[in-house]
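Below: one structure, written as structure tokens.
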Amino acid sequence: MFGGHLMWGNMYGEKPKMQLRVNWRRIGAFFLPYWREEATVLFCIVVAALLGLIPAYMVARIIDSAIPHRSLRELGIDVAIIVGSALVTIAFGVVQGYLNSIVGEGIMRDMRTGLVSHLHKMPLSFFTGTKTGEIMNRVSNDVDNIDNVVTGTLTSIVTNVVTIATTVVFMFVWNWRLALLSIVIVPLMVLPLAPVGRRMYNVRRQTREKRDEIESITQETLSISGITLIKSFAREAFEHSRFYRVGTDLMQLEIKLAMVGRWFIASIGAMVTIGPAIVWFGGGWLALTHALDVGVVVAFVQYIQFRLYGPGATLAGIQVQIVSALAVFERIFGYLDMKPEEYEPAGASALATTRGEIRFDDVRFSYGNDRTALQGVSFTVEPGQVAAFVGPSGAGKTTITQLVPRFYDPQGGRILVDGHDVKSLTLESLRRDIGIVTQETYLFHDTIASNLRYAKPDATDEELRAAARAANIDDFVSSLPEGYQTVVGERGHKLSGGERQRLAIARVLLKNPRILILDEATSSLDSHSEAAIQAALVPLMRGRTSLVIAHRLSTILSADVIFVVENGRIVESGTHPVLLARNGSYARLYNRQFRDETKVAT
Ligand code: ATP
């Protein structure tokens, strides 16, 4: 195997020259918790390797001693020892297999949990910039791939190395001349390993990337939104050919992967057959000239075939496998190395929001592209106030609200909650006091009760019902045959948009936060649903500081303060009559968007 780290040259096709540092320590850290099991496995392997030396030795004794002495008793004992050693080896093998599973599966669990927990802590920007399918692929397929390496390959390496080591030592002790003859061709087997491994690593890497692509397409096209889109645009044929194309790419890569190093492995196989011939010749010559016993030559041939070249060939194959598996480790470590959100910034305090005052102080923010989403936003929302944000699409309203729970951090300025910079609070304490109802309500594929309890795991049934009643959804839920135990379907798609939204409101009511962020639905619901939601919002906003991205005239009229956002700036603020009288941006927006609503309403 390679030493400290590997350095690959230009092997990523067009990609820039990169250096792969294999962090053996880091890989080893995953094994550390299982050292007891590993030590026992090692013990089993050593015992099995030593036991494995016995049969060939006994064959030599049978040929050189039992048969010439015509001793049936000696023959019986020799054969019994062969059988006995085989049986004990089998028993050790079973124990070893069991322990291997414990180690392999344990490492898989640790790695998968570590990866998923790390991903849960990644900032939102990571998820908006990464395909879900790619993430899924790393968490499931990549980790599974490592399972093969851990449970199968590593044990196989140790077994074969120990087998070879014990055999070589035993052979030298027994007959050094014959031993020397047996190992002369070993270097020929080892030398071509590095280049083959490198090529395999490269192809394996491309294969993984192609799998990411397949997983992403599957995820996107088989999600409810995706499939609706495909059907509504009748793009099934296009999706078919796209999938076929990527599938073909993967097929070609897999074939390449299977073929890399085939010649090399085949030639090693040939050596396994040729090697004994050398020993037969040399051993035969020694038997003629130095009166070497024939049984010893027979035993040596057995040793080199089954305990030297055989394991050597396996090791060569495994080495290639291991190097290519490094591509998978690299991908997993790549994810683990990404910087997560800082949950507990240095010196952070876990303050409970008591009043709920929100202040933006010259906040500047860009999503990391060349456009500025917010350019110097300042405002204050007093505790308990309802602040409505209005403005054209893309003005920055959602961005403003997402900065409060620190889904993103501004590049300039400060955001204060109750006078504390949000950066000085632990994320847990900050987010505990903020409730968010977005346009796109997300529900887990679970029962209504479980979805509600996501906000408060220990909520009693009565609390659930009280929240649902306040959110105007209790009657509907109770009318369902299974009531609160009804499963809502993938993302809640078995419910109507209005029902989902009222459930989301009930969920936030259970959380009971000091601050509420509400993105009013733009999609128009029927007037009955609309009225039900409006009624649900009243208890939701009561006694809380609310930031509402307003799309309804009624919300705007009832707001304590209205902020007009344009091009990432707050251009006007005040109450409806004041702003209307000013005859500026708000008045224009009002005339364009809401006047008709007044007419319909009146
Ligand atoms: P709407 O009323 O249409 O929802 P909005 O006022 O809420 O619009 P924002 O969603 O805050 O607007 O977007 C402000 C700007 O930031 C837009 O130009 C948008 O294209 C950009 N933007 C929003 N989200 C991202 C993102 N994740 N990455 C990059 N740019 C983004």
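Whatever order the structure lists ligands and atoms in, that order sets their numbers, starting from 1. Throughout, numbering of the chain's residues begins at 1 and tracks the sequence. In this text, all values refer to a predicted model and were calculated from it rather than measured experimentally.
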Atom [atom1] of [X] with >12 non-hydrogen neighbours under 6.0 angstrom:
X	atom1	answer
Asn567	CG	no
Lys256	NZ	no
Lys511	NZ	yes
Arg582	CZ	yes

Identify the closest protein heavy atom to [atom]: which residue and atom is it, and at what distance?
atom	result
atom 2 (O) of ligand 1	Lys397 NZ, 2.9 Å
atom 3 (O) of ligand 1	Ser393 OG, 2.6 Å
atom 7 (O) of ligand 1	Thr398 OG1, 2.4 Å
atom 14 (C) of ligand 1	Gly394 O, 3.5 Å

Study note, to complete from the structure: For Gly396, the atoms of ligand 1 under 4.0 Å from one of its heavy atoms are 5 (P), 6 (O), 9 (P), 11 (O), 12 (O), 14 (C)
**Study point:** Atoms in ligand 1 with a heavy atom of Arg371 nearer than 4.0 Å
**Key:** 17 (C), 18 (O), 20 (O)
Check your understanding: How about Phe329 and Phe30: are their ring centres within less than 6.0 Å of each other?
Key -> no
Exercise for review: Check whether the ring centres of Phe407 and Phe127 lie less than 6.0 Å apart, and answer yes or no.
Suggested key: no
Exercise for review: Before signing off on this row, confirm whether Thr399 and ligand 1 have an N or O atom pair separated by under 3.5 Å.
Suggested key: yes
Practice item. For ligand 1, find out whether one of its N or O atoms is nearer than 3.5 Å to an N or O atom of Ala373. Key: no
Check your understanding: Side chain, backbone, both or neither: which part of Phe389 has a heavy atom under 4.0 Å from ligand 1?
Key -> neither
Check your understanding: Under a heavy-atom criterion of less than 4.0 Å, does Gly391 contact ligand 1?
Key -> no
Practice item. Might you work through the ring-ring contact (aromatic ring centres under 6.0 Å, His included) test for Phe389 and Phe379, ending with a clear yes or no? Key: CA-CA 11 Å; Phe389 289 83; Phe379 65 84; 5.4 Å; yes
Exercise for review: Find out whether the Lys NZ or Arg CZ of Arg235 is both under 6.0 angstrom from the six-membered ring centre of Phe233 and within 45° of the ring's axis.
Suggested key: no
Review point. Of Phe407, Tyr367, Tyr408, which has the heavy atom at the shortest distance from atom 31 (C) of ligand 1?
Key: Tyr367
